[in-house]
Amino acid sequence: MQVGKLAALIALCLLALTGCGDTSAPANGNSAPSPVATESVTDDGGEKPKETAVSEEHRIVSTTVAITQIMDLLEIDLVGVPKSVKTLPERYDEVTKVGNPMSPDMELVKSLKPTEVLSVTTLQYDLEPVFENANIDATFLDLTSLERMQAEILKLGEKYGKQEKAAAVVSDYNSTLEQIRKATEGKEKPSVLILLGVPGSYLVATEHSYIGDLVQLLGGVNIAQGEKVEFLASNTEHLQQANPDVILRAAHGMPEEVVKMFDEEFKKNDIWHHFKAVQTGRVYDLEERLFGTTGNLAVGEALEALLPMLYPDQP
């Protein structure tokens, strides 16, 4: 596939994936009341910034669901959150929605007078110039792996005085990971193909993708190795030569439609019939709620869901 076409396809995937794969974090009570932001109206008739108790020192806008959930777990107030079909934490019910994670409303963001705007590195290539043109200083958190997500949580805890909460979150994930590693110790490592699908298209996820990282943490061997990017164009002949033990299909954007697309592709394209994973019935559709394109608070549940897929004999 030509570079231009691949870039366009990845952009399409990211657009469909915004807000996907994230789960609702437990709602926490708001901290002590603080000054109230005044309400204003955007020039284009968009949503009005709503009144919400915020800190005089910190006025933070979160533009993705995963970050919003992390901030909720750390009990950090926000003045702006993303617009999403996903349920956001209850503590932010009255907070202004600043638009789609892939295309936040810059004027609305600016009207909130933020001290920090948070996005993710997965969207940095597309969003960084947009934020710069709007004279907004954005911070891009790296949630492409569990380790990097933990590091970002610790940094947020340090920056906003929530060190103990951040350390507790990281410790919980480490405990879950240790238990799973013990369960897979000494077992033969399965080779794995990860397909990332959106309506009409699909890509191959490398070890640098979030789901690729989860597979690696469980001891699986991603057949898409040695790349510098998170996703690659699919070449079924090349993939068949690798002949993976397991095929994982992540459906995003419109999950039911994408699963049907995958089913049709695997049924009509004869080459899939020659994959060992297809012949042995080890093709799995991943639940969108657990398996997004960036790290999120469902990582422990996601690891537990992956375990029997990679190790079917695991009790």
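Throughout, residue positions are numbered sequentially from 1 according to the sequence presented.
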Tell me, yes or no, whether the heavy-atom count around Asp270 atom CG, taken from other residues, nucleotides or ligands under 6.0 Å, exceeds 12.
-> yes
Which atom names give the shortest non-hydrogen contact between Ile247 and Ala277, and what distance separates them?
-> CG1-CB, 3.6 Å
Spacing of OG1 belonging to Thr64 relative to CG belonging to Leu123, to within rounding of 0.5 Å | 8.0 Å
Leu232 and Ala224 have their tightest heavy-atom pair at CD1-CB, 4.4 Å
Polar side-chain atom of Ser201 near backbone of Gly197 as donor-acceptor pair, under 3.5 Å = no
Do Val221 and Leu193 sit in the same hydrophobic cluster, where Ile, Leu, Val, Met, Phe, Trp and Tyr count as joined when their side-chain heavy atoms come under 4.5 Å apart?
-> no
With sequence neighbours excluded, what pairs up with Lys228 under the side chain to side chain donor-acceptor pair (under 3.5 Å) test?
-> none
Can you hop from Met106 to Ile60 via hydrophobic side chains spaced under 4.5 Å?
-> yes
Nearest-0.5 Å distance, CD1 of residue Ile136 to OG of residue Ser119 = 11.5 Å
Basic-acidic side-chain contact under 4.0 Å: Arg249, Asp263 = yes
Any idea which heavy atoms bring Glu288 and Lys86 closest together, and the distance?
-> OE1-NZ, 3.7 Å
Got Met71 and Tyr92 here, is their nearest side-chain heavy-atom distance under 4.5 Å?
-> yes
Answer yes or no: is there a donor N or O on one side and an acceptor on the other, between the side chain of Ser171 and the main chain of Ala168, under 3.5 Å?
-> no
Evaluate the side chain to side chain contact (heavy atoms under 4.5 Å, CB included) criterion for residues Phe262 and Leu195: first the C-alpha distance (whole Å), next the side-chain angles of each, then the deciding distance (0.1 Å), finally the verdict.
-> CA-CA 9 Å; Phe262 273 136; Leu195 300 177; 3.9 Å; yes
According to a 4.5 Å side-chain heavy-atom criterion applied to Ile, Leu, Val, Met, Phe, Trp and Tyr, with indirect links allowed, do Tyr284 and Leu214 form part of one hydrophobic cluster?
-> yes
Between Ser191 (side chain) and Ile223 (backbone), is there a donor-acceptor pair under 3.5 Å?
-> no
Are the charged groups of Glu152 and Lys155 less than 4.0 angstrom apart, N to O?
-> yes
Connected via hydrophobic side-chain network under 4.5 Å: Leu248 and Leu307 = yes
Evaluation steps, side chain to side chain contact (heavy atoms under 4.5 Å, CB included), between Phe275 and Leu239 | CA-CA 9 Å; Phe275 279 70; Leu239 298 177; 3.9 Å; yes
Inter-residue atom distance Leu141.CG - Ile70.CD1, 0.5 Å rounding = 7.0 Å
Using only heavy-atom distances, determine whether the side chains of Asn269 and His273 contain a donor-acceptor pair under 3.5 Å.
-> no
Where is the tightest heavy-atom contact between Gly212 and Ile194, given as atom of each residue plus distance?
-> CA-CD1, 3.6 Å
How close do Phe131 and Val117 get, heavy atom to heavy atom, and via which atoms?
-> CE2-CG1, 3.8 Å
Of all pairs that satisfy ring-ring contact (aromatic ring centres under 6.0 Å, His included), the ones with a partner from residues 152-201, not counting sequence neighbours | His58-Tyr160
Backbone N/O of Gly226 and side chain of Glu207: donor-acceptor pair under 3.5 Å | yes
Can you check whether Val204 reaches Leu196 side chain to side chain, under 4.5 Å on heavy atoms?
-> no
CD1/Ile76 to NZ/Lys165 distance, rounded to the nearest 0.5 angstrom?
-> 10.0 Å
What residues form a salt bridge (charged side-chain N to carboxylate O under 4.0 Å, His left out) with Lys276, not counting sequence neighbours?
-> Asp245
Is there side-chain contact between Lys97 and Pro82, with heavy atoms separated by less than 4.5 Å?
-> no
Report yes if the side chains of Val61 and Val98 come closer than 4.5 Å at any heavy-atom pair, otherwise no.
-> yes
Taking the side chain as C-beta and beyond, is there a heavy-atom pair between Pro104 and Leu127 under 4.5 Å?
-> yes
Met102 CE to Thr122 OG1 distance, which is reported to the nearest 0.5 Å = 11.0 Å
Sub-3.5 Å donor-acceptor pair from the side chain of His252 to the main-chain atoms of Val258, do we have one?
-> no
So, Glu301 and Arg289, do they make that salt bridge, N to O below 4.0 Å?
-> yes
Run the side chain to side chain contact (heavy atoms under 4.5 Å, CB included) check on Val120 and Ile67 step by step: do they pass?
-> CA-CA 8 Å; Val120 291; Ile67 293 174; 3.8 Å; yes
Shortest non-hydrogen contact between Val81 and Leu88, atoms and distance | CG2-CD1, 3.8 Å
Taking it one step at a time, do Thr144 and Glu230 satisfy side chain to side chain contact (heavy atoms under 4.5 Å, CB included)?
-> CA-CA 9 Å; Thr144 57; Glu230 294 179 55; 3.8 Å; yes
Donor-acceptor pair, side chain of Arg282 and main chain of Leu310, under 3.5 angstrom = yes
Partners of Glu128 by side chain to side chain donor-acceptor pair (under 3.5 Å), sequence neighbours excluded?
-> Gln124
Would you please name every residue forming a salt bridge (charged side-chain N to carboxylate O under 4.0 Å, His left out) with Glu164, sequence neighbours left out?
-> none
Beyond-backbone contact of Asn174 with Val170, side-chain heavy atoms, under 4.5 angstrom | yes
Are any non-hydrogen side-chain atoms of Leu177 and Leu303 less than 4.5 angstrom apart?
-> yes
Are Phe231 and Tyr125 grouped together when hydrophobic residues (ILVMFWY) are joined by side-chain heavy atoms under 4.5 angstrom apart?
-> no
Between the side chains of Glu265 and Tyr202, does any donor sit under 3.5 Å from an acceptor?
-> yes
Can you find a pair of side-chain heavy atoms, one from His208 and one from Val229, that are under 4.5 Å apart?
-> no
Could you label the plane-to-plane angle of the Phe266 and Trp272 rings as parallel, tilted or perpendicular, counting under 30° as parallel and over 60° as perpendicular?
-> parallel
Could I get the full list of side chain to side chain donor-acceptor pair (under 3.5 Å) partners for Thr139, not counting sequence neighbours?
-> Glu116
Any sub-3.5 Å donor-acceptor pair from Gln225's side-chain atoms to Asn222's backbone N or O?
-> yes
When rounded to the nearest 0.5 Å, the distance separating CG of Asp213 from CG of Leu218 is 9.5 Å
